[in-house]
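A single structure is presented below for examination.
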Amino acid sequence: MSNGESVERLDFIRQIVTEDCASGKWDGRVVTRFPPEPNGYLHIGHAKSICLNFGIAAEFGGRCHLRFDDTNPTKEEEEYVESIQNNVRWLGWDWGEHLYFGSDYFEPMYQWAVQLIKAGKAYVCDLTAEQTRQYRGTLTQPGRESPYRHRTVEENLDLFERMRAGEFPDGSRTLRAKIDMAHPNLNMRDPVMYRILHASHHRTGDAWCIYPMYDWAHGLEDSIESITHSICTLEFENHRPLYDWFLDQLGVYHPQQIEFARLNLTYTVMSKRKLLRLVQDGHVNGWDDPRMPTISGMRRRGYSPAAIREFCRVIGVNKFNSTVDFQLLEHCLRQDLNKTSPRVMAVLRPLKVVIDNYPDGQVEYMNAINNPEEESAGTRQAPFSKVLYIEQEDFMEDPPKKFFRMAPGREVRLRYAYFVTCTEVIKDADGNIIELHCTYDPATRGGDAPDGRKVKATLHWVSAAHALDAEVRLYDHLFTQANPEDVEEGQDFTAHLNPNSLEALTGCKVEPSLRDAEPLSRYQFERLGYFCVDPDSSSRRMIFNRTVTLRDTWAKEQQKQNS
RNA sequence: UACCCGGUGGUGUAAUUGGCAACACAGAAGGUUUUGGUCCUUCUAUUCCAGGUUCGAGUCCUGGCCGGGUAGCCA
C-alpha cells in the first residue's frame with residue numbers, strides 16, 4: 001500500500017504539464033483557469049474540473065484563475081456569480097488575486113475583431129439565424145458561402161462599428177470569421193463571432209449590444225491571462241481547431257487546449273439544464289436541496305470538502321466517457337467522516353425501555369468516547385437513568401437466526417452503560433410494541449462483565465428524561481435507476497424520480513450534548529450513520545440531515561433473507 | 001452514412017512508454033471488535049475483434065467492430 005502510494009501515477013494531463021515544465025515550453029510557468037458561466041449552480045462534475053485545475057496549479061507551483069465566462073447576458077445572473085465563488089472557496093481552493101470576468105475583456109476583443117476584419121478574415125453577415133443554418137450545410141454536405149462574404153473591408157468596418165453603436169435590431173446581423181464553408185468540421189464554416197443582443201449585462205450594464213460567442217471569446221480570455229493549459233471537457237474537442245485558428249490569425253499568445261471526459265455518476269443527473277428543471281418543477285426544494293448533486297446541496301447534506309476532493313482524485317482523468325459508481329463517492333465520504341466526526345447517540349424511531357431494577361430518580365453519567373479514531377477528541381459524560389429510548393429496529397419479539405439484538409430473555413449491552421435483559425413486552429390494543437421492561441446487572445457498569453461473559457450486541461440509547469427532540473431527514477437517491485436517462489420512448493429523465501428520496505422523521509431523540517450543535521456541523525450517530533445539522537436548525541427545533549449511513553452488513557443480511 | 005475522439009475486471013483507473021496486467025470501489029468468505037462501524041486476511045480478467053512487426057504487444061502498424069461528440073446568433 002505504502003508502495004502504491006509513493007509511486008504517484010500521473011493522468012494524461014499532468015503528464016503533459018510535467019513534460020512542458022521539463023522542456024521549458026512555457027518557461028516553467030503553469031497557469032490554469034476554472035471558467036464557469038454564471039448561469040447555474042456548480043455540481044460535483046464541476047468539482048472534478050475545479051480540483052483538476054486548482055490541483056495542477058498547486059502541484060506545479062503555478063496558479064489557477066477563477067474566471068467567469070459571462071458572454072451571454074440573457075442567461076447569466078449575479079446570484080450565480082456569488083454561489084460559484086462560495087462553492088470554490090468552500091471546496092478549499094484559493095484564486096488569490098486572480099478573479100476575472102470575460103466581460104472585462106470586451107473592449108480588447110472588439111479591437112481584435114477589427115484587426116481580423118482589416119485582415120480580410122472576418123465579415124458582417126446579414127443572413128438570418130435560419131438562413132445561416134441552411135447555408136452551413138450538414139454533417140455530410142458542405143455549406144454555401146454567404147452572399148455577404150465578400151463585402152469590402154471598409155463596408156465591414158463601418159457595419160461592425162454601427163452594430164456596436166446599436167443601429168441594428170437583435171438578430172439582424174452577425175460578425176463571422178471567414179474560414180471555409182466546405183470544412184469537414186462544422187465549427188470552421190464561417191463561425192459567428194458576434195451577435196446583436198440588446199440586453200443588459202449583469203456587469204457591463206448597457207455598455208454593449210453586441211456580445212462575443214464562446215469560440216471567439218474563450219481563447220482570447222485565455223490569451224489575455226497568459227494561461228498555459230486551457231483544460232476543458234470533451235465536447236470542445238471539435239472546437240480546438242477554431243480556438244487555434246483565432247489565436248494564430250491574431251498572432252497573439254497561444255495557450256494549449258486540452259480536453260478531458262466530464263464526470264457521470266450513477267443515480268443522478270449532471271447537467272445544469274436538468275438540475276434547473278428539478279428546481280423549477282419543484283421536484284426538490286432548491287439548488288441546495290441535500291438530494292442535489294450540487295456543491296451547495298452536498299454541503300448541506302453534510303459532505304466534507306476533503307471527501308469531495310479525495311473523490312475527485314481517485315476517479316482520475318481520462319478522455320473517454322464513463323460513469324462512476326455512486327458508492328465510490330460514499331466510500332470517500334465515509335473514509336473522511338469516520339476520521340473526523342464526533343460520535344453521539346441518537347434514536348431515530350424511539351422505543352421506550354424501563355429498567356425495572358434501576359433506582360427511581362437515579363442518574364449516572366457514563367463515560368463515552370467522542371471518536372475512537374481520534375484520541376484527542378476526548379470523552380464526554382452521557383446521562384443514564386431508569387427510563388430510556390432504544391431504536392425500534394433493535395428489538396424483535398421473534399428474532400430470526402442471525403438477529404443479535406434485543407429479544408425477550410436475551411442479554412445485550414447498552415453502549416458505555418450496562419448489560420440489560422428484556423423481561424417483558426408491552427403492546428397497545430393493535431398489538432404494536434410500545435414499551436419494553438428490562439433488568440440490568442449493576443456489576444456491568446461501563447459495559448463489561450467482571451465474570452467475562454459476552455453479549456452479541458451493543459445498542460445505542462438515550463435517557464428519556466435528558467433526551468432532546470429532533471427532526472431527522474433521511475435521504476435516498478433522487479432517481480431509482482442507475483442511469484436516469486435510460487427511459488422509454490416519450491419519457492424524459494423525470495420518469496425515474498424516486499418518490500421516497502426524502503423521509504422526514506419527527507420525534508427523534510438525541511443525547512443532550514447536541515444541544516448547542518452548530519449549523520452544518522457533522523456527527524456520527526452511532527450505529528446509524530453520519531448526520532449534519534441543517535442550516536434551518538435551531539435550539540427550539542433541531543434538524544439533522546442524514547449524510548450517509550454506516551456500512552450495514554445486517555441490512556445486507558436482511559436483504560438476502562428477504563429475496 | 002462526413003469529420004473528430006475513444007475502447008483494459010461488475011465500476012473507476014494504473015502499467016517504469018515494447019518486458020510477470022496492478023490499485024481502489026463494489027461483491028463473496030473469514031478474523032478482530034463495547035458501533036453488525038473502523039481495522040485485518042482471502043477470493044474473482046480471452047486488455048473489443050482479426051491480422052501484422054517483434055525474442056517479447058494492453059502498448060507499435062493495418063483492417064474491422066463498437067461507443068461518444070459535432071449541423072445555437074448557448075457555453
Side-chain angles (χ1 to χ4, degrees), chain A residues 1 3-5 7 9-11 15 35-37 39 69-72 74-76 125 127-130 132-134 136-143 170-176 183-189 191-197 211 213-215 217-218 232-241 259 261 266 272-273 314-332 334-335 338-339 343 345 369 372-373 402-405 413-417 446-448 454-460 524-529 549-557:
Chain A
M1 184 180 177
N3 197 14
E5 215 71 55
V7 185
R9 301 180 283 258
L10 298 181
D11 57 68
Q15 277 177 32
E37 181 189 16
N39 69 341
D69 204 0
D70 53 352
T71 57
N72 185 350
T74 65
K75 294 190 173 176
E76 296 151 8
C125 180
L127 255 28
T128 64
E130 173 60 21
T132 303
R133 189 161 59 81
Q134 286 166 354
R136 186 157 33 231
T138 70
L139 294 175
T140 51
Q141 288 171 311
D170 287 2
S172 59
R173 291 179 216 269
T174 56
L175 183 74
R176 300 176 68 180
H183 199 108
N185 182 340
L186 301 232
N187 294 126
M188 302 296 274
R189 316 240 263 228
V192 172
M193 296 164 62
Y194 279 93
R195 74 286 215 185
I196 301 173
L197 244 34
Y211 290 92
M213 297 287 290
Y214 170 87
D215 286 309
H218 203 88
C232 60
T233 45
L234 246 35
E235 68 269 28
F236 293 105
E237 235 164 0
N238 293 329
H239 294 245
R240 187 169 4 112
E259 309 86 12
T266 55
K272 283 193 206 171
R273 206 200 95 248
V314 300
I315 58 175
V317 183
N318 233 318
K319 293 198 67 161
F320 45 89
N321 296 305
S322 59
T323 302
V324 177
D325 193 332
F326 198 88
Q327 289 179 111
L328 183 56
L329 177 59
E330 292 189 327
H331 164 76
C332 295
R334 291 189 180 110
Q335 186 176 264
N338 177 50
K339 286 183 301 192
R343 270 60 169 174
M345 290 196 284
I369 296 166
E373 308 292 322
K402 291 187 179 174
F403 184 85
F404 305 143
R405 281 107 98 143
R413 173 168 38 231
L414 294 179
R415 180 143 228 226
Y416 301 128
D448 273 313
K454 302 287 182 193
V455 289
K456 292 273 275 187
T458 301
L459 309 187
H460 61 276
Q524 184 195 105
F525 289 0
E526 293 223 28
R527 303 208 302 131
L528 296 174
T549 62
L550 254 27
R551 277 188 61 211
D552 191 346
T553 50
W554 168 238
K556 275 180 201 160
E557 184 62 35

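All values derive from a computational prediction rather than experimental measurement. In what follows, chains carry the letters A, B, and so on, assigned in the order in which the sequence lines appear, proteins first and then strands, with residues in each chain numbered from 1. Only heavy atoms go into these numbers, but all of them, side chains included; no hydrogens, no water, no symmetry mates.
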| said: If you compare every side-chain N and O of Lys556(A) against the phosphate oxygens of G27(B) (OP1, OP2), does one of them come in below 4.0 Å? | reply: yes
| task | Can you tell me the distance, in whole Å, between the CD atom of Glu37(A) and the C1' atom of C74(B)? | result | 7 Å
| message | Please compare Thr140(A) and Arg413(A) by the position of their nearest nucleotide in RNA chain B and report the one closer to 5'. | response | Thr140(A)
Atom pairs, protein N/O to nucleotides 3-5 of chain B N/O, distance under 3.5 Å:
unit_1, atom_1, unit_2, atom_2, d
C5(B), O2', Glu237(A), OE2, 3.2

| field | Interatomic distance, Gln327(A) CD vs A28(B) P [rounded to whole Å] | value | 11 Å
| said: In whole Å, I'd like the distance from the CG atom of Leu329(A) to the P atom of U13(B). | reply: 15 Å
| message | Between G6(B) and C23(B), how many Å separate the two P atoms, rounded to a whole number? | response | 28 Å
| query | G58(B) and U46(B): how far apart are their C1' atoms, nearest whole angstrom? | reply | 13 Å
| task | Mind checking the NE2-OH spacing from His239(A) to Tyr214(A)? Nearest 0.5 Å is all I need. | result | 7.5 Å
| task | Determine whether any donor atom in the side chain of His183(A) lies under 3.5 Å from an acceptor atom in the base of A2(B), or the reverse, and answer yes or no. | result | no
| task | Mark yes or no for a side-chain to base donor-acceptor pair under 3.5 Å between Arg133(A) and G72(B), with no hydrogen or angle criteria applied. | result | no
| task | Determine, answering yes or no, if Tyr214(A) is stacked on A75(B) under the 5.5 Å centre rule and the 30° plane rule. | result | no
| Separation of atom NE2 in His331(A) from atom C1' in C23(B), rounded to whole Å | 12 Å
| Short side-chain N/O contact from Asn72(A) to OP1 or OP2 of C73(B), under 4.0 Å | no
| message | On the nucleotide U35(B), are OP1 or OP2 found under 4.0 Å from the side-chain N or O atoms that His460(A) carries? | response | no
| query | In whole Å, what separates the P atom of U16(B) from that of U11(B)? | reply | 23 Å
| said: If the cut-off is 4.0 Å, is Thr458(A) near the phosphate of U33(B), judged by side-chain N/O to OP1 or OP2? | reply: no
| query | Nearest-Å distance, NZ (Lys454(A)) to P (U32(B))? | reply | 11 Å
| query | Would you call Arg343(A) and Glu526(A) a salt bridge, taking side-chain N to carboxylate O under 4.0 Å as the test? | reply | no
| How close or far is atom C1' of G72(B) from atom CE of Met193(A), stated in whole angstroms? | 17 Å
| task | Look at the side chain of Asn318(A) and decide which nucleotide, out of A14(B), C73(B), G68(B), has an atom nearest to it. | result | A14(B)
| message | Please check: side-chain N/O of Arg189(A) versus main-chain N/O of His183(A), any donor-acceptor pairing under 3.5 Å? | response | yes
| query | When the P atoms of U62(B) and A24(B) are considered, how many whole Å apart are they? | reply | 37 Å
N/O contacts under 3.5 Å, protein versus nucleotides 37-39 of chain B?
unit_1, atom_1, unit_2, atom_2, d
G37(B), N2, Glu373(A), OE2, 2.9
U38(B), OP1, Arg551(A), NH1, 3.2
U38(B), OP2, Arg551(A), NH1, 3.4
U38(B), O2', Asn338(A), ND2, 3.3
U38(B), O2', Glu373(A), OE1, 3.4
U38(B), O2', Glu373(A), OE2, 3.3

| said: For a quick test of reading the model: is some side-chain N or O of Arg136(A) closer than 4.0 Å to OP1 or OP2 of C73(B)? | reply: yes
| field | Euclidean distance for P, U47(B) against U32(B) (whole angstrom) | value | 39 Å
| note | Residues at least two apart in sequence or cross-chain that pass side chain to side chain donor-acceptor pair (under 3.5 Å) with His331(A), listed by chain then number, are Gln335(A)
| What distance, rounded to whole Å, do you find between the two C1' atoms, one in U59(B) and one in A21(B)? | 12 Å
| query | Considering the options Leu329(A), Leu328(A), Val324(A), which one meets the side chain to side chain contact (heavy atoms under 4.5 Å, CB included) requirement together with Phe326(A)? | reply | Leu329(A)
| Value rounded to 0.5 Å, distance of CG in Asp552(A) from CD in Glu557(A) | 11.0 Å
| Considering only the P atoms, how many Å lie between G64(B) and C74(B), rounded to the nearest integer? | 39 Å
| message | Rounded to the nearest 0.5 Å, what separates atom CD1 in Ile315(A) from atom CG in Asp325(A)? | response | 12.5 Å
| said: Let's go through Phe404(A) and Trp554(A) carefully: what are the C-alpha distance in whole Å and the side-chain angles of both, what is the deciding distance for ring-ring contact (aromatic ring centres under 6.0 Å, His included) to 0.1 Å, and is it a yes or a no? | reply: CA-CA 10 Å; Phe404(A) 305 143; Trp554(A) 168 238; 7.2 Å; no
| note | Each base of RNA chain B marked ( ) or [ ] if paired in-strand (Watson-Crick or G-U under 3.5 Å), | if paired to another strand and . if unpaired gives .((((((..((((.....[..)))).(((((.......)))))....(((((..]....))))))))))).....
| field | Pairwise distance OG1(Thr174(A)) to CG(Leu127(A)) - rounded to 0.5 angstrom | value | 7.5 Å
| message | With the criterion set at under 5.5 Å between ring centres and under 30 degrees between planes, would G36(B) be stacked on Phe404(A)? | response | yes
| Looking only at atom P, what distance separates C20(B) and A15(B), rounded to whole Å? | 13 Å
| Under 4.0 Å between a side-chain N/O of Arg527(A) and OP1 or OP2 of G36(B), yes or no? | yes
| Excluding sequence neighbours, so at least two apart, what forms side chain to side chain donor-acceptor pair (under 3.5 Å) with Arg551(A)? | none
| said: We want to know whether His460(A) and Arg527(A) form a side-chain donor-acceptor pair, criterion being a heavy-atom distance below 3.5 angstrom. | reply: yes
| Position toward the 5' end of RNA chain B (nearest nucleotide), Ile196(A) or Phe320(A) | Phe320(A)
| field | Lys402(A) NZ - A29(B) C1' separation (whole Å) | value | 11 Å
| query | Which of the following nucleotides, C25(B), U70(B), A14(B), is nearest to the side chain of Leu186(A)? | reply | U70(B)
| Residues two or more places apart in sequence or in another chain: which of them pass side chain to side chain donor-acceptor pair (under 3.5 Å) with Thr323(A)? | none
| remark: Taken to the nearest 0.5 Å, the spacing of Arg195(A) CZ from Tyr211(A) OH works out to 9.5 Å
| request: Provide, to the nearest angstrom, the distance between the CD atom belonging to Glu235(A) and the C1' atom belonging to A71(B). | output: 16 Å
